[in-house]
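In what follows, every heavy atom counts, from backbone to side chain, and hydrogens, waters and symmetry copies are set aside. Counting begins at 1 with the first residue of the sequence.
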Amino acid sequence: MRPEISALFLRNRREGRVMQKVFSKFAAIGAALLLLILIALLAVRFMRSSDRLSTLPPPDDSSPFAMVSAKGGEFPLRPVRLCMESSILFPRGGESPLAILLPLFEAARSSALVVTERENGFAAYGTLSLSHKERSALLSGSLPPSWSDLFVSPEVYREDGLLRVGAANTSSPIYIEPYRGYAFVADSLSDIDRMRAVRSGAGGGIKARWTLKRSWGGHLRLSDGGALGELVRGEPSGAPVTLELAWNSDREDSLSGKFDWRVFGLERHFTKGFVRNIKQKNWSLAENFIPEPLLLAFGVNLPDPGRNLASLPAFMKPLGERLRKMGLKEKEARNILTGPVIFSIGGKTQVLWFELPGLTLNLPDRGKDGNKLLDVFWSEFFMGATPRPVRGYTHGGTTDLPFSLVAAGNDRNTVIALAAPDVERNGELSGFLKEEKAVGWFFLDLPKTGSSLAEMPSLDALFSENDDAGSTDTTSIDRLGDSLKKLGRVFFVWKSGASGHGSWFE
């Protein structure tokens, strides 16, 4: 081969290798970009498909509502069923017929449900994913076996793909419409039409915009429809307060887990000074009087209302006025309403011949102002009676008539309790709050609360001449008590602002 041809061949070969390397780099970069785009598209698709609320019409902001989005078996079956079946919690609407389908929402791969208040009561509508067999059965106009087992003597009518189901154990019909891999269900035809409008693009779906733990399996948004604003400010308010909750179970049986929570809109109903003065504290419950068996307890570190009681929130002003009428000076009343407050329901007290859960109020670190409160308490309500001393307390005391009562204090705590002084004390709460710095906290033992409700007499029946009075109320309380017995215990912490975390367990 001629030298010039050989040199040209070698040069072209080297350039070819360089071009090949450049091409390989660009190909690798292009493949990586394509892979990222595909991952992003799949992520967006997954996010859209996993949150089924986007396929449902939004409830009215001026009415109370709850919306739940769940995947992977995180649908909160028992709490939602408790709400939907309770005529105490939903007195206007009574029992919702859609409550019968709640086990299907729990079993579904993904689901979403909205419960809202309307003029004629409460309404519910939602959507849940279907298996191939479930979809085939619904498209053929019949209920799948797992659905049919929930109804007593079901009657199914099918028209244009919509199933209308009536049964002996439902107060009104349920409407079911299969669409692609999902079922849309409602207790009214109007909500079926609204869900169709969302799917067709004629109406907008719910924009949940979760801010907490988006990867977790369960999310809830709860709105008061403006009711809390009216309570706090003492006048109607159109600004709703909403609670967002995200949770994940620890085990498959969902008997324990953790959650994060956040409240929106709360700051609009309190003065800036009141909110600004809210502070965390290290909670120590060793010196507090918290009786067993404990049903409920909560603590909150109340901020200083300022120079006078006029800056208190509306719901606290009656307390300040009552303290002033009892004989406390404004500064003393203000100090009583500033700092940690612990309220609990637990132990036992005797009222007439009935044994009821006791009530306890702890006011730690009130000092001389706490002692002054005890003095006016005994003189105001017991006409100067001399109480028996209580061991461990230097001020006030206890009495058994007309019921067991403790109103006593020392340098560390002031206690007013409907309970016997020797009642067993709770020691578990201190463990929950160990090394926990927080604005407040809350504990609820639902099984014990359910048992206590079952033991309580109907006060309407007690004081009414009509033997049948209170029978409906007693039935509702019994049902509520039975439902609570099947749940666990809840403890949550208010960390700062309007957010915190918590857990539920057996």
Side-chain angles (χ1 to χ4, degrees), residues 52-53 55-57 59 65-70 73 75-87 89-90 92-118 120-200 203 205 479 483:
R52 298 299 302 163
L53 284 172
T55 64
L56 302 179
F65 67 79
M67 55 177 70
V68 181
S69 174
F75 187 86
L77 172 63
R78 288 174 178 172
V80 174
R81 172 178 279 167
L82 172 64
C83 293
M84 294 182 67
E85 291 183 345
S86 175
S87 60
L89 299 178
F90 286 169
R92 287 176 54 189
E95 181 175 329
S96 170
L98 213 62
I100 200 171
L101 297 183
L102 291 181
L104 303 176
F105 281 82
E106 182 188 42
R109 186 180 68 258
S110 63
S111 59
L113 178 69
V114 175
V115 182
T116 185
E117 184 183 25
R118 293 180 180 153
N120 58 344
F122 279 79
Y125 54 90
T127 179
L128 62 151
S129 59
L130 297 171
S131 67
H132 178 73
K133 290 183 178 180
E134 289 175 326
R135 180 174 178 272
S136 298
L138 292 174
L139 288 174
S140 68
S142 60
L143 293 175
S146 59
W147 295 47
S148 184
D149 291 343
L150 301 174
F151 296 92
V152 175
S153 303
E155 295 182 352
V156 182
Y157 303 92
R158 181 171 179 259
E159 184 177 354
D160 296 330
L162 179 66
L163 279 66
R164 177 181 179 272
V165 183
N169 59 335
T170 61
S171 56
S172 59
I174 294 174
Y175 300 90
I176 304 170
E177 185 172 37
Y179 179 80
R180 295 182 179 175
Y182 296 89
F184 290 82
V185 298
D187 52 18
S188 69
L189 276 173
S190 61
D191 283 322
I192 290 290
D193 291 336
R194 294 174 68 226
M195 290 188 285
R196 286 172 175 172
V198 173
R199 296 199 302 270
S200 67
R479 290 184 60 185
S483 298

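Summarising the geometry of R118 relative to A123, their closest heavy-atom pair is NH1-CB, 3.3 Å, with the distance given to 0.1 Å. Of all heavy-atom pairs between I174 and F151, the closest is CD1-CE2, 4.1 Å. Counting all heavy atoms, side chain and backbone alike, S146 lies closest to L150 at O-CG, 3.7 Å. Between P79 and P76 the shortest heavy-atom distance is CD-O, 3.3 Å. The two residues G126 and M195 make their nearest non-hydrogen contact at O-SD, 4.0 Å. Listed here is the closest heavy atom pair of A167 and P154: CB-CA, 4.1 Å.
Under the ring-ring contact (aromatic ring centres under 6.0 Å, His included) criterion, F75 pairs with F105, not counting sequence neighbours.
Side-chain contact between L113 and L102 is present, with heavy atoms from C-beta onward closer than 4.5 Å. Looking at heavy atoms from C-beta onward, F184 lies out of side-chain contact with D191 at the 4.5 angstrom threshold.
In this structure, CD in E106 is found 8.0 Å from CZ in R78, a value given to the nearest 0.5 Å. Distance check: L163 CG to S142 OG gives 8.0 Å after rounding to the nearest 0.5 Å. Annotation: the span from W147 atom CH2 to L138 atom CG amounts to 5.0 Å, rounded to 0.5 Å. For the atom pair OH (Y182) and CG (L130), the distance works out to 9.0 Å, reported to the nearest 0.5 Å.
Between the T170 side chain and the G166 main chain, no donor and acceptor come within less than 3.5 Å of each other. Formation of a donor-acceptor pair under 3.5 Å by the Y125 side chain with backbone atoms of P57 is found in this model. Within the 3.5 Å criterion, the main-chain N or O of S110 finds a donor-acceptor partner in the side chain of S129.
Note on residues 163-190: pairs passing salt bridge (Lys or Arg N to Asp or Glu O under 4.0 Å), not counting sequence neighbours, are E177-R196, E177-R199. Residue pairs meeting the salt bridge (Lys or Arg N to Asp or Glu O under 4.0 Å) criterion with at least one partner in residues 121-140, sequence neighbours excluded, are absent.
Considering V156, L162, L143 in turn, L143 is the only one that fulfils the side-chain contact (heavy atoms from CB on, under 4.5 Å) rule with I176.
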